[in-house]
S.K.: 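Before we start, here is the structure in question, set down as structure tokens.
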2 protein chains.
Amino acid sequence: MAEKAAGGGVQSVERVFELLELITDAGGEVTLSELSASTDLPLPTIHRLLRTLVMKGYARQLPNRRYALGPRLIRLGEGANKQLGALARPQLKMLVDRLGETSNMAVLDSDMVVYIAQVPSSHSMRMFTEVGRRAHTHDTGVGKAILAQLDNETVRNIVTRAGMPTPTEKSIGSVEQLLEELENIRERGYSIDEQEQELGVRCFAMAVPDAPTPTAISVSGPISRVDESFADKAVPLLRSAAQAISDDLNLAS
Amino acid sequence: MAEKAAGGGVQSVERVFELLELITDAGGEVTLSELSASTDLPLPTIHRLLRTLVMKGYARQLPNRRYALGPRLIRLGEGANKQLGALARPQLKMLVDRLGETSNMAVLDSDMVVYIAQVPSSHSMRMFTEVGRRAHTHDTGVGKAILAQLDNETVRNIVTRAGMPTPTEKSIGSVEQLLEELENIRERGYSIDEQEQELGVRCFAMAVPDAPTPTAISVSGPISRVDESFADKAVPLLRSAAQAISDDLNLAS
DNA sequence: CTGCTGTTTCCGTAATATGGATATTATTAT
DNA sequence: ATAATAATATCCATATTACGGAAACAGCAG
């Protein structure tokens, strides 16, 4: 065929998920022609693929003729979420109980991190991060902890594709600076988000070793509470939690 | 060709989603051979399909060699959720503000309902239903409201496949009884869950007209607060909320 | 009503996914 | 430890499957 294309996957399957991702990126609603503009698939092909999705309930067709994500995806998403989150939640809970700050778990998904589990702290002033939310890798504790596990080549690719916005003046803005920081993290064994994503918020994070997908956990809170003495307590606890999750993942029933 | 098979969808796509559903049904982890037992697809086919999913991040392969749902599904699920939920949330909020009880929206997904949006009441004693949760149709307010929109033939199929457990002594236990109840609902225009799912909890629900997927909204709370005078206020509000959601859905931007 | 843009259906073509047979790796029994 | 067993992964010839150009069919704007 024309393009030398992919590796060894089933094309229709790859395409159908590409379409679903595009719909998601577009905010949930797309027209056929918008899709054919974003991909370089011919219209009839896209139409046939979408029709299959609609028939099975993984996409909906609105009265506008637009296409949207279908309700059956909710269940699959919840399933994926639960599967990963269930293992982690007890450990995150332990962190919150002992440290009093919000704890999160996130995985690398393409070039961004997705939060897949959270146990909020009881403080009224606390981090607000919703499960399912995506964030950049270079300006979050979990993101940097994950990047530190990868080789510099891969890191470069990721941040190049995802971009490096600087939400605060403390954010890391260049790849060189990031690689340097990652070297520190590798030595230290954990990452610190020092008000890089939001002013006033500090976060300690650590990668989960040997996870099937690059994964990290974190605790975060306002700098007033999350200080040096907090770190002294937090780091060993993070380490044991990460190890426990790793064990659960790898010996999983 | 051998089998006269399906209608007009792309087979690999249908198969791949069937596999994902099976993994979800199995609680998140399956072996190849378990899958080949549940479907009647040959092993190499399943393997190839799963490999494609794994490569793209929609499935994970555990160190056990087992297959599980992948993290990228989380994002799609959240997207689908948000898309439907976003339209509904303002209306649900209105119901909670005016009525003081928890409000939910659910859709029919195969033979069960899935809750896709919720606005909790401020009462400390309130319904606990998580978004993403699945419930039977015959013992929930939203479920019965949805069934009442379908013809009896379809209803029979659904409850036959899903079963009719009776969590309380008030629950409907037979198809005949259910069809009778649905007739009442059709006349009345709304459904009542009279402690059928949980003792002490009453719920009023109404279908969202002309929804692309059968959809319903509800308000529910303890019978002490959710009484006859509550119904008088609630029913007109439910009706206008359902209509508003319907309009949003159908004129969607 | 007429001309347009975008969506859907048709259908011949061949590229695509298929699955039987085989090689490889884990797992259990000896 | 070593061998037998069962599961998973890879090959590759075949034809069924999905493909996409072209043409019909809506919706909309003028």
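What's counted below: heavy atoms across the whole structure, side chains too, no hydrogens, waters or symmetry copies. None of these values were measured; they are calculated from a predicted model. Labels below follow one simple rule: chain letters A, B, ... track the order of the sequence lines, proteins then strands, and each chain is numbered from 1.
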S.K.: Rounded off to whole Å, could you give me the CG-to-C1' distance for the B:Leu41 and C:dG20 pair?
M.R.: 15 Å

S.K.: Using whole Å, report how far CG of B:Leu49 lies from P of C:dA17.
M.R.: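 To the nearest whole Å, that distance equals 10 Å.
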
S.K.: Which of these, B:Asp111, B:Thr154, B:Leu178, sits in a side-chain contact (heavy atoms from CB on, under 4.5 Å) with B:Val159?
M.R.: B:Leu178

S.K.: Among C:dT7, D:dT8, D:dA18, which nucleotide sits nearest the side chain of A:Leu43?
M.R.: C:dT7

S.K.: Rounded to the Å, how far apart are B:Leu32 CG and D:dA6 P?
M.R.: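 Nearest whole value for this atom pair: 17 Å.
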
S.K.: Can you find an N or O donor on one side and an acceptor on the other, under 3.5 Å apart, linking the side chain of A:Arg65 with the base of C:dG6?
M.R.: no

S.K.: Could you tell me whether the phosphate oxygens of C:dA17, OP1 or OP2, come under 4.0 Å of any side-chain nitrogen or oxygen in A:Gln11?
M.R.: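 So the side-chain polar atoms of A:Gln11 do come within 4.0 Å of the phosphate oxygens OP1 or OP2 of C:dA17, strictly under.
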
S.K.: Of A:His47 and B:Pro44, whose closest DNA chain C nucleotide lies nearer the 5' terminus?
M.R.: A:His47

S.K.: Do B:Leu22 and B:Ile46 have side-chain heavy atoms sitting under 4.5 Å apart?
M.R.: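 Not touching, per the 4.5 Å side-chain cut-off.
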
S.K.: Reading DNA chain C from 5' onward, which residue's closest nucleotide shows up sooner: A:Thr31 or A:Ser12?
M.R.: A:Thr31

S.K.: Hey, is the side chain of B:Thr45 poking within less than 4.0 Å of OP1 or OP2 on C:dG19, counting only N and O atoms?
M.R.: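 True: B:Thr45 side-chain N/O within range (under 4.0 Å) of C:dG19 OP1/OP2.
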
S.K.: For A:Leu35 and C:dG6, give me the distance from atom CG to atom C1', rounded to whole Å.
M.R.: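 Value for this atom pair: 13 Å.
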
S.K.: Choosing from C:dT9, D:dA9, C:dG19, which nucleotide comes nearest the side chain of B:Arg15?
M.R.: C:dG19

S.K.: Within the side chain of B:Thr24, is there an N or O that forms a donor-acceptor pair under 3.5 Å with the backbone of B:Leu20?
M.R.: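 The answer is yes, because a donor-acceptor pair under 3.5 Å joins these two groups.
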
S.K.: Let's see if you can work this out: which of C:dT9, C:dT8, D:dG20 has an atom nearest to the side-chain heavy atoms of A:Arg48?
M.R.: D:dG20

S.K.: Does B:Gln61 place a side-chain N or O at less than 4.0 Å from the phosphate oxygens OP1/OP2 of D:dT8?
M.R.: no

S.K.: Rounding to an integer number of Å, can you tell me how far B:Tyr67 OH sits from D:dA9 P?
M.R.: 4 Å

S.K.: Given atom CZ of B:Arg51 and atom C1' of C:dG19, what is their separation to the nearest angstrom?
M.R.: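 So the two atoms are 14 Å apart, to the nearest Å.
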
S.K.: Under 6.0 Å between the ring centres of B:Phe17 and A:Phe17?
M.R.: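 Yes: the rings meet the under 6.0 Å criterion.
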
S.K.: Just the rounded figure in Å: distance from C1' of C:dT25 to CZ of B:Arg66.
M.R.: 17 Å

S.K.: Would you find more than 12 non-hydrogen atoms of other residues, nucleotides or ligands less than 6.0 Å from B:Arg98 atom CZ?
M.R.: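 No, CZ of B:Arg98 has 12 or fewer neighbouring heavy atoms, counting only those of other groups under 6.0 Å.
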
